[in-house]
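Take a look at the structure set out below.
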Amino acid sequence: MEAAQSTPWSDLQPELLGLVLRCLPSLADRVRLRAVCRPWRSNSMSQPLPRPFPWLTLPDGTFLSIPANEIHRIPIPDGACVQGSIDNWLFLMHKSSMDNHNVCSLMNPFSKTTLELPDLVTVWKREIRYCSHRKPIFYKLVVPSPLDSSPDSPVAALIMDDGNSHTLCISQPPIATSSLRARDNQDPRLYLSDVVFFNRKLYGLGGSGKLYIIDLDNDLGISSIECIIDSLGDISGRPQHLSGKGYMLREYLVECGGKLLMVVRWFNLMPLPTDDDDVFEHTRTVALQVFEADLCSSPNRWRSATELGGHALFVGQHSSKSLPARECSGYHEDCIYFMFDYDWPTSSANPLRDSGVYNIRNGTIAPLMSGTAAAPLHRVGQWRPTWFFPPEAV
């Protein structure tokens, strides 16, 4: 009887290799598998793969891989700070060594492709004018088309400062084509808390569910701003299970499966601390609500949403994104992923402190990470926490 011949691991069929890869939600694990031998690397490159789970940027300049519970480092230009992201592009800022002005850019850290942006701080200063003691603290950048396929896409940037003023900048990189300052204490009609491109049109979100459409002319100038939904109407109000007083909320605007959604995130509001304490130390997310913009009705209005069409939503101060969960690895359908990114930049707080996964079907909130988090409570630095979506393979 002939002895059974063993088959070398390097001869593993590409189809089986693909099955293994599709079970790995972590990009780092996929890289390790490809590094086993040359045949595995060659055969795996031809396998269609789901998108890996996104990373979180941490204040000290590192990336947290959530499924693998690992910290990664990616080379970026010296002195640059991550202030936000668009998909797998990082929004970087650093001081010029020539004249000390701010250099802004979008960079794909895997391909090393870089797009120069206008100096958003200078744009903000031009609009803020007499409030010299203020400073910008949050940035949200959005594009109408993916930058990987449309590198010449216009970019809209919402700049939020510590005086609760919001400046909208439209650019055709690297040139700023238009800008507008929106202040809730002077012109409530122009107050913007979030922006998004939906069907190639720019929309802005104001307080209390106000939805604006921002028209851009052929030269990418802001030609008009029109309020198309004035409020939540009779579906406004906090979730029924929240009792008593002491809540605050934050609203996000997200495109999801051909729909325009507003996500309302509710926080418990704790007593104000002393000057030496962390303002948001004990603040936690207690509920989320989702509303769909009905742009076909007359008048336009918000409708309550009870499912996300099988998508997963990732919401944040600096980036938000939705993806079909079945086409991605480790994602859960009809769930919203959130993190702690609403503190001021000086805090260097752990983005996992108020993080979780909200299931819109049953209203439960589960931890974003199981077990002990890889990120210590204090990772000091100037980077802002944001979702970063690495490619399927590198």
Side-chain angles (χ1 to χ4, degrees), residues 83-86 91 120 123-124 127-128 131 134-143 155-170 179-198 201-214 222 225-233 236-238 247-256 260-267 269 279-280 283 285 287-293 300 302 313-322 336 338-345 354 384-387:
Q83 297 292 318
S85 63
I86 304 176
F91 169 47
L120 295 181
V123 172
W124 170 82
E127 293 291 339
I128 206 75
C131 300
R134 300 297 184 188
K135 59 181 179 180
I137 54 175
F138 298 116
Y139 299 86
K140 175 71 174 290
L141 275 62
V142 294
V143 291
V155 177
L158 185 62
I159 309 166
M160 295 153 275
D161 63 41
D162 56 3
N164 201 31
S165 293
H166 299 67
T167 300
L168 179 64
C169 173
I170 310 298
S179 61
L180 172 73
R181 184 188 182 195
R183 296 184 297 178
D184 59 347
N185 60 344
Q186 286 193 359
D187 189 352
R189 181 179 61 88
L190 298 180
Y191 175 76
L192 300 175
S193 60
D194 202 358
V195 291
V196 69
F197 278 101
F198 175 66
K201 295 180 180 179
L202 183 60
Y203 291 84
L205 190 63
S208 304
K210 288 182 171 62
L211 182 66
Y212 301 92
I213 185 168
I214 305 165
I222 300 174
I225 298 181
E226 178 186 359
C227 182
I228 58 175
I229 300 181
D230 185 60
S231 69
L232 280 168
S236 63
R238 64 187 179 196
Y247 298 99
M248 64 179 183
L249 57 85
R250 184 174 299 276
E251 300 169 339
Y252 307 93
L253 202 54
V254 191
E255 184 279 332
C256 176
L260 183 59
L261 302 182
M262 175 176 65
V263 177
V264 181
R265 181 177 174 185
W266 290 81
F267 310 86
L269 189 58
V279 175
F280 298 108
T283 300
T285 300
L288 287 94
Q289 296 172 301
V290 183
F291 302 94
E292 177 188 345
N300 299 330
W302 294 107
L313 264 61
F314 297 83
V315 297
Q317 182 86 13
H318 306 283
S319 66
S320 295
K321 186 177 180 62
S322 72
I336 303 174
F338 60 89
M339 61 172 155
F340 179 70
D341 65 347
Y342 47 84
D343 206 358
W344 286 24
D354 180 23
R384 297 299 296 156
T386 186
W387 298 109

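Hydrogens, waters and symmetry mates play no part in the numbers below; they use all other heavy atoms, side chains included. Counting begins at 1 with the first residue of the sequence.
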Margin query: So, taking the atom named CG in Leu253 and the one named CZ in Phe197, what distance separates them when rounded to the nearest 0.5 Å?
Written below: 12.0 Å

Next item on the list: Only counting residues at least two apart or in another chain, list the ones meeting side-chain hydrogen bond (donor to acceptor under 3.5 Å, both in side chains) with Asp341.
Entry: none

Next item on the list: Name all residues meeting the side-chain hydrogen bond (donor to acceptor under 3.5 Å, both in side chains) criterion together with Ser320; count only those two or more places apart in sequence or in a different chain, and write none if there are none.
Entry: none

Note to self: Counting C-beta onward and ignoring hydrogens, is there a side-chain heavy-atom pair between Tyr252 and Leu313 closer than 4.5 Å?
What the structure shows: no

Check: Which heavy-atom pair separates Thr283 from Met248 by the least distance, and what is that distance?
Finding: CG2-CE, 3.7 Å

Margin query: Nearest 0.5 Å, please: how far is CD in Glu292 from CG in Leu260?
Written below: 8.5 Å

Checklist line | Any residue meeting ring pair (Phe, Tyr, Trp, His ring centres under 6.0 Å) with Phe91, in chain and number order, not counting sequence neighbours | finding: Tyr139

Check: Would you say Ile225 and Leu180 make side-chain contact, with heavy atoms under 4.5 Å?
Finding: yes

Check: Under 4.5 Å between any side-chain heavy atoms of Gln317 and Met160, yes or no?
Finding: yes

Next item on the list: Sequence neighbours left out, what passes ring pair (Phe, Tyr, Trp, His ring centres under 6.0 Å) with Phe314? Give chain and number order.
Entry: Phe53, Tyr331, Tyr337, Trp387, Phe389

Check: If every non-hydrogen atom of Val195 is compared with every non-hydrogen atom of Val142, which pair is closest and at what distance?
Finding: O-CG1, 3.5 Å

Check: With no hydrogens and no angle check, is any side-chain donor or acceptor of His318 less than 3.5 Å from a backbone partner on Gln83?
Finding: yes

Check: Sequence neighbours excluded, which residues qualify as ring pair (Phe, Tyr, Trp, His ring centres under 6.0 Å) partners of Tyr342?
Finding: Phe267, Phe280, Phe340

Next item on the list: For Gln289, enumerate each residue passing the side-chain contact (heavy atoms from CB on, under 4.5 Å) test, keeping only those at least two apart in sequence or located in another chain.
Entry: Pro239, Val264, Trp266, Phe291

Note to self: Under the rule for side-chain hydrogen bond (donor to acceptor under 3.5 Å, both in side chains), what residues qualify as partners of Glu255, not counting sequence neighbours?
What the structure shows: none

Notebook entry, point to check: What distance separates Ile159 CD1 from Leu192 CG, expressed to the nearest 0.5 Å?
Noted result: 12.0 Å

Next item on the list: State the CD-CG distance between Glu251 and Leu232, to the nearest 0.5 angstrom.
Entry: 7.0 Å

Item checked: Verdict with reasoning, Asp230 to Lys210, per side-chain contact (heavy atoms from CB on, under 4.5 Å) -> CA-CA 5 Å; Asp230 185 60; Lys210 288 182 171 62; 3.7 Å; yes

Note to self: So, using side-chain hydrogen bond (donor to acceptor under 3.5 Å, both in side chains) as the criterion, who are the partners of Ser193 when residues are at least two apart?
What the structure shows: none

Check: Roughly how far, to the nearest 0.5 Å, is CD1 of Ile137 from NZ of Lys135?
Finding: 8.5 Å

Next item on the list: Look up atom CZ in Arg238 and atom CG in Leu249, then write down how far apart they are to the nearest 0.5 Å.
Entry: 11.0 Å

Check: What do the steps show when you test Phe138 against Leu158 for side-chain contact (heavy atoms from CB on, under 4.5 Å), and what is the final call?
Finding: CA-CA 8 Å; Phe138 298 116; Leu158 185 62; over 6 Å; no

Next item on the list: Could you tell me whether the side chains of Glu127 and Ser179 share a donor-acceptor contact shorter than 3.5 Å?
Entry: yes

Item checked: Any residue meeting salt bridge (Lys or Arg N to Asp or Glu O under 4.0 Å) with Arg250, in chain and number order, not counting sequence neighbours -> none

Checklist line | For Ile228, all residues meeting side-chain contact (heavy atoms from CB on, under 4.5 Å), sequence neighbours excluded | finding: Tyr203, Leu211, Ile213, Glu226, Leu295, Asn300

Note to self: Could you work out, with side-chain contact (heavy atoms from CB on, under 4.5 Å) as the rule, every residue matching Asp161, not counting sequence neighbours?
What the structure shows: Trp124, Ile128, Ser165

